[in-house]
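First up is the structure itself, then whatever we jot down about it.
We name chains A, B, ... by the order of the sequence lines, and we start the count at 1 in each one. Because only heavy atoms are used, hydrogens play no part in the values below, and waters and symmetry mates are left out as well, while side chains stay in.
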Amino acid sequence: MPRELPKQYDHTGIESDIYAIWEKSGFFNPDNLPERHKEPFSIVLPPPNVTGVLHIGHAYEDALQDAVIRFQRMRGKRALWVPGTDSAATATQPKVEKIIQKEEGKNRHEIGREELVRRVAAFAKASENTILSQVRKMGASLDWSRYAYTMDDARNTAVTTAFQRMYEAGLIYRGNRIVNWDPKGQTVISDDEVVHEERDAKLYTFTYSKDFPIPIATTRLETKVGDTAVAVHPDDPRYQQYIGKEYDAVFYDVLTHIKVVADRGVDMEFGTGALGVTPAHSMADWEIADKNNLPRPQVINEYAKMSVDGALKDKKTTEARELIATWLAEQGLLQKVENIKQNVSVAERTGGIIEPLPKLQWFIAVDKPFIISRSQISGISGGSETTLKHIMRTAITSGDVSMPQENHRKSYMHWIDNLHDWCISRQIWFGHRIPIWYRGDELFCGVTAPSGDGWEQDPDVLDTWFSSALWTFSTLGWPSDSKDLKTFHPTSLMSPAYEILFLWVSRMILMSGFHLGQVPFTSVLIHGLVRDSKGRKFSKSLDNGVDPLDIIAKYGADALRMGLLVGTAIGNDLKFDESKVKGYRNFANKLWNIARFMLMNAPDQPIATTPSLTDEDAQALNELSAVTKDITKDMEELRLYLAAEKTYHYIWHTFADILVERVKPHLTGTDPVLKESAQWLMQEALATSLILLHPFMPFVTEAIWREVFPNKGLLMIEPWPSA
RNA sequence: GGGCGCUUAGCUCAGUUGGUUAGAGCGACUCGUUUACACCGAGUAGGUCGGGGGUUCGAAUCCCUCAGCGCCCACCA
């Protein structure tokens with residue numbers, strides 16, 4: 001008796017039912033896959049923020065990676081996709097602090113470190129389920145049994161072990177350096193978290209005192225009480241005669257001692273051609289002072305207030321600037337004041353104006369030679385001398401990590417060339433605390449606290465990217481020599497947004513290279529950002545957000561996945577277009593109706609062996625086989641947008657529009673040969689179509705598969721046609 | 001200042017190592033109540049591939065140049 005499907009495909013309900021069936025099957029876990037799945041293929045999900053909600057960018061990333069992992073699984077690979085979440089401490093702690101401030105009127109110092117950390121951790125854990133259930137809604141075939149969290153025990157062990165080993169290798173050191181201090185967030189931030197904003201500023205030209213021969217220009221008068229030198233270009237005829245001379249001056253009410261030094265970095269054209277050197281409050285000046293062995297007094301503190309003794313003490317920097325300007329004018333030392341545009345460094349997260357300060361921080365030395373004990377990276381042999389920077393460069397140039405998008409590869413190499421030591425300490429409380437303990441002059445570095453009394457742990461925590469950098473192997477059991485690590489590392493693919501190429505991708509290469517002598521992944525597919533229909537980034541202030549869950553509710557996850565993937569070359573930004581998603585909802589219905597039609601005209605049982613076929617039907621199957629081959633190649637070479645579009649096109653404009661129409665009379669006619677040939681064609685074309693489309697639209701294809709081939713197993717592990 | 005891109009139909013974009021009349025989706029227009037589907041079907045219009053020059057038998061594709069747009073990095077005190 002022919003079965004009959006409803007006239008319309010309704011994704012509501014079906015999607016969660018299908019996901020439950022998949023999860024129950026156990027096939028998300030490669031250990032449960034049938035015998036034929038031998039060769040490993042692994043991806044580690046870029047962990048979303050544990051306190052976050054699924055946004056359209058995640059949806060895109062999930063669609064992309066799930067398509068790849070489903071394809072590889074059907075091809076017979078031992079496919080593993082590892083899920084996880086990130087504590088994202090620098091985002092999470094302030095969030096919780098804000099809540100506490102609002103509800104209890106207390107700041108973090110009133111709460112205390114231990115209690116705050118406990119609360120932040122609890123908050124993070126409580127929000128975990130939100131993001132995880134949302135990722136499930138996308139249809140992501142993640143192995144939940146291997147779920148990892150950056151702050152769970154296994155990952156904590158990995159982090160402290162990694163720190164200890166690098167410390168012992170001499171690659172982690174503590175140093176006094178000018179860092180980007182964010183007075184608002186009360187922490188150091190990395191260069192990558194600093195943004196530059198153009199602001200109006202006043203450029204003051206003045207001399208320190210009446211007998212000081214060289215005028216200098218600055219926008220930051222208040223820092224000048226901390227000057228210890230004036231730098232001029234060695235070839236500058238105006239100032240050559242003064243090089244090496246030293247002067248005393250009472251600047252405002254601070255006794256300063258200024259030496260004139262030569263430095264080729266000084267631009268003779270800018271300002272007066274002379275640079276007032278403030279070693280403690282400028283990166284460039286710090287280096288000049290270092291070269292010339294000059295003192296480096298700090299005159300501004302962590303709260304962006306003056307710390308110099310005298311009348312300026314505890315004044316805000318802006319206030320001190322006004323006071324000094326007035327004083328200079330009164331003394332007749334101020335030559336001119338100009339209004340200029342200036343780029344101000346601002347903390348991306350808090351909006352605080354960066355105050356460069358000298359601070360004791362922990363760093364990873366990227367240029368320091370060390371002996372790598374073992375290495376599988378081409379061009380770096382075990383036991384040879386190398387540097388972390390060299391590893392990061394070689395991983396790409398050797399091709400061990402394939403980064404086929406040339407533009408991204410170029411900017412990666414350019415970034416490596418300009419890379420400085422990585423400051424890994426942060427002055428917040430929630431996060432991986434630096435595994436260093438002090439007792440008097442003693443210092444201990446270890447995975448666990450030292451025994452004995454009087455030890456105090458370093459108060460700082462690690463940059464969140466430190467733990468993220470270990471992610472490909474910390475999720476697979478490292479530091480133990482686990483089976484997973486041996487089987488699935490290096491992972492097969494990493495697919496991050498270009499935003500985090502430097503922050504994350506490069507640092508994974510660094511860590512994996514040092515700790516395992518391996519690359520973390522063998523290929524990188526960098527994707528673009530999802531923007532709104534006008535090409536703007538999604539942001540709260542623009543209120544242009546699109547909630548993927550709303551879209552899923554309206555059109556289904558399958559349609560959303562297609563809408564995100566089709567027609568966008570991977571690596572370029574894409575504009576989110578709801579009408580496109582709607583189109584793929586219609587497509588799901590089209591496919592559903594092909595199946596409906598087929599079932600209406602099908603024999604009771606699927607035909608087991610090829611019957612005698614008409615020439616036309618045989619040719620149609622040959623064409624399908626050619627299409628399959630083409631699509632398979634696109635999938636292998638990660639041209640997912642083409643594979644998806646071609647599949648769509650075949651199903652709608654060849655299968656539905658041409659084949660179905662052509663065989664209709666045969667199916668309803670009386671010639672048994674024509675009829676059986678047509679039935680076979682329908683059955684085969686549908687089966688292949690479902691397989692080809694499954695990586696992109698897993699729900700509707702699996703749902704149809706269950707209706708049409710109830711005696712077969714799950715479509716998600718159906719073998720991909722070998723073509 | 002250094003680096004990387006983009007400019008193809010009204011809109012959003014493909015075009016996979018240069019190869020026959022440049023493609024898709026959406027939109028527009030015309031026609032269609034055929035029992036798979038109106039979340040549909042049949043069809044039509046629409047592009048000198050940003051401008052100019054060059055290489056080649058052949059260029060949207062390679063080179064030079066001009067114009068416009070964007071991103072990343074650094075940052076002048």
Side-chain angles (χ1 to χ4, degrees), chain A residues 4-10 191-192 194 196 201 203-205 216-220 223-224 227 230-231 265-278 281-285 288 340-345 404-415 417-419 498-499 501-502 528-529 531 533-535 555-556 559 562-563 566-569 571-601 630 633-634 637-639 641-646 648-649 652-653 656-657 660-661 664 667-668 682:
Chain A
E4 194 165 322
L5 299 176
K7 279 181 129 181
Q8 278 195 359
Y9 171 65
D10 181 10
D191 291 345
D192 310 288
V194 175
H196 300 277
L203 183 67
Y204 302 89
T205 305
I216 59 166
T218 186
T219 54
R220 297 207 58 192
T223 64
K224 298 291 106 181
D227 281 14
V230 163
V266 176
D267 181 353
M268 287 190 270
E269 307 296 320
F270 187 85
T272 62
L275 167 66
V277 178
T278 322
H281 301 287
S282 153
M283 317 244 176
D285 295 7
I288 294 174
I340 59 162
K341 296 275 184 201
Q342 187 193 24
N343 279 331
V344 179
S345 300
Q405 293 145 303
E406 197 189 351
N407 54 339
H408 291 129
R409 196 172 61 237
K410 276 184 187 165
S411 69
Y412 175 90
M413 297 310 290
H414 188 252
W415 180 80
D417 290 341
N418 296 303
L419 185 64
Y498 57 70
E499 279 186 311
L501 176 61
F502 308 139
L529 306 179
R531 296 170 179 278
S533 57
K534 297 192 179 86
Y555 304 109
M562 283 294 273
V566 174
T568 38
N572 294 348
D573 289 349
L574 61 116
K575 297 192 175 82
F576 182 77
D577 183 0
E578 189 173 325
S579 70
K580 206 166 149 187
V581 177
K582 190 177 164 190
Y584 292 110
R585 188 271 318 260
N586 295 353
F587 174 56
N589 191 55
K590 188 75 183 176
L591 183 63
W592 181 260
N593 272 286
I594 294 172
R596 177 174 137 88
F597 172 77
M598 188 218 131
L599 284 178
M600 287 168 80
N601 296 285
D630 190 32
K633 191 154 177 272
D634 285 334
E637 292 167 15
L638 297 171
R639 289 186 296 269
Y641 55 103
L642 282 183
E645 189 174 355
K646 284 172 183 172
Y648 165 90
H649 228 260
W652 200 315
H653 298 300
D657 290 349
V660 168
E661 294 305 323
K664 262 182 190 172
L667 289 169
T668 51
M682 287 294 101

Can you tell which of [options] lies closest to the side chain of [X]?
X      : options             : answer
A:H649 : B:G25, B:G15, B:C39 : B:G25
A:L642 : B:A36, B:C26, B:U16 : B:U16
A:K410 : B:A36, B:A14, B:G5  : B:G5
A:R596 : B:G15, B:A36, B:C39 : B:A36
A:T219 : B:A77, B:G41, B:U12 : B:A77
A:H653 : B:A77, B:G25, B:G3  : B:G25
A:R639 : B:U16, B:A24, B:C39 : B:U16
A:A656 : B:C39, B:A36, B:U16 : B:A36
A:T218 : B:C39, B:G15, B:A77 : B:A77
A:N407 : B:C4, B:G41, B:A14  : B:C4

Between [X] ([atom1]) and [N] ([atom2]), how many Å, whole number?
X      : N     : atom1 : atom2 : value
A:N572 : B:G5  : CG    : C1'   : 9 Å
A:D573 : B:U12 : CG    : C1'   : 14 Å
A:Y9   : B:C39 : OH    : C1'   : 13 Å
A:K575 : B:A24 : NZ    : C1'   : 17 Å
A:K590 : B:C37 : NZ    : C1'   : 5 Å
A:E578 : B:U12 : CD    : P     : 17 Å

Using the [atom1] atom as the point on both nucleotides, what is the distance between [M] and [N], in whole Å?
N     : M     : atom1 : value
B:U17 : B:C6  : P     : 15 Å
B:A14 : B:A22 : C1'   : 11 Å
B:C49 : B:G43 : P     : 28 Å

Using a cut-off of less than 4.0 Å, is there contact between a side-chain N or O of [X] and OP1 or OP2 of [N]?
X      : N     : answer
A:K580 : B:G25 : no
A:Y641 : B:G15 : yes
A:K582 : B:C26 : no

Can you name the side chain to side chain contact (heavy atoms under 4.5 Å, CB included) partners of A:L638, sequence neighbours left out?
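Checked A:L638 against side chain to side chain contact (heavy atoms under 4.5 Å, CB included); matches are A:V68, A:L493, A:L525.
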
In Å, rounded to the nearest 0.5 Å, how long is the span from NE2 of A:H649 to CG of A:L642?
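It is 12.5 Å, given to the nearest 0.5 Å.
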
CG on A:D573 to OG1 on A:T568, rounded to 0.5 Å:
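These two atoms lie 10.5 Å from each other.
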
Check this for me: does the side-chain of A:E661 come within 3.5 Å of the base of B:A36 through a donor and an acceptor?
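Check passes, donor-acceptor contact within cut-off.
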
Does A:I594 reach the side chain of A:M682, with side-chain heavy atoms less than 4.5 Å apart?
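They are not in side-chain contact.
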
Considering heavy-atom distances to RNA chain B, does A:G273 or A:K646 have its closest nucleotide positioned more toward the 5' end?
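By nearest-heavy-atom nucleotide position, the 5'-most residue is A:K646.
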
Closest-nucleotide mapping onto RNA chain B: is A:V566 or A:K224 further toward the 5' terminus? I mean the 5' end.
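The residue whose closest nucleotide sits nearer the 5' end is A:V566.
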
Please tell me whether A:Y498 and A:Q405 have a donor and an acceptor in their side chains that are separated by less than 3.5 angstrom.
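There is no such pair (donor and acceptor under 3.5 Å, judged by atom type) between the side chains of A:Y498 and A:Q405.
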
With no hydrogens and no angle check, do the side chains of A:Y584 and A:N589 hold a donor and an acceptor under 3.5 Å apart?
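Absent: no donor and acceptor within the cut-off.
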
Salt-bridged, A:K224 to A:D227, with N to O below 4.0 Å?
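Salt bridge between A:K224 and A:D227, a charged N being under 4.0 Å from a carboxylate O: yes.
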
Stem finding on RNA chain B, please: runs of three or more consecutive Watson-Crick or G-U wobble pairs, both distances under 3.5 Å, sorted by first number.
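Result, WC/G-U stems under 3.5 Å: B:1-7 with B:67-73, B:10-13 with B:23-26, B:28-32 with B:40-44, B:50-54 with B:62-66.
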
Closest heavy-atom contact between A:A217 and A:T205?
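That closest heavy-atom pairing would be CB-OG1, 3.9 Å.
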
Measure up the A:H653 and A:Y648 rings against each other and bin them: parallel (under 30°), tilted (30 to 60°), perpendicular (over 60°).
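Geometry flag for A:Y648 against A:H653: perpendicular rings.
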
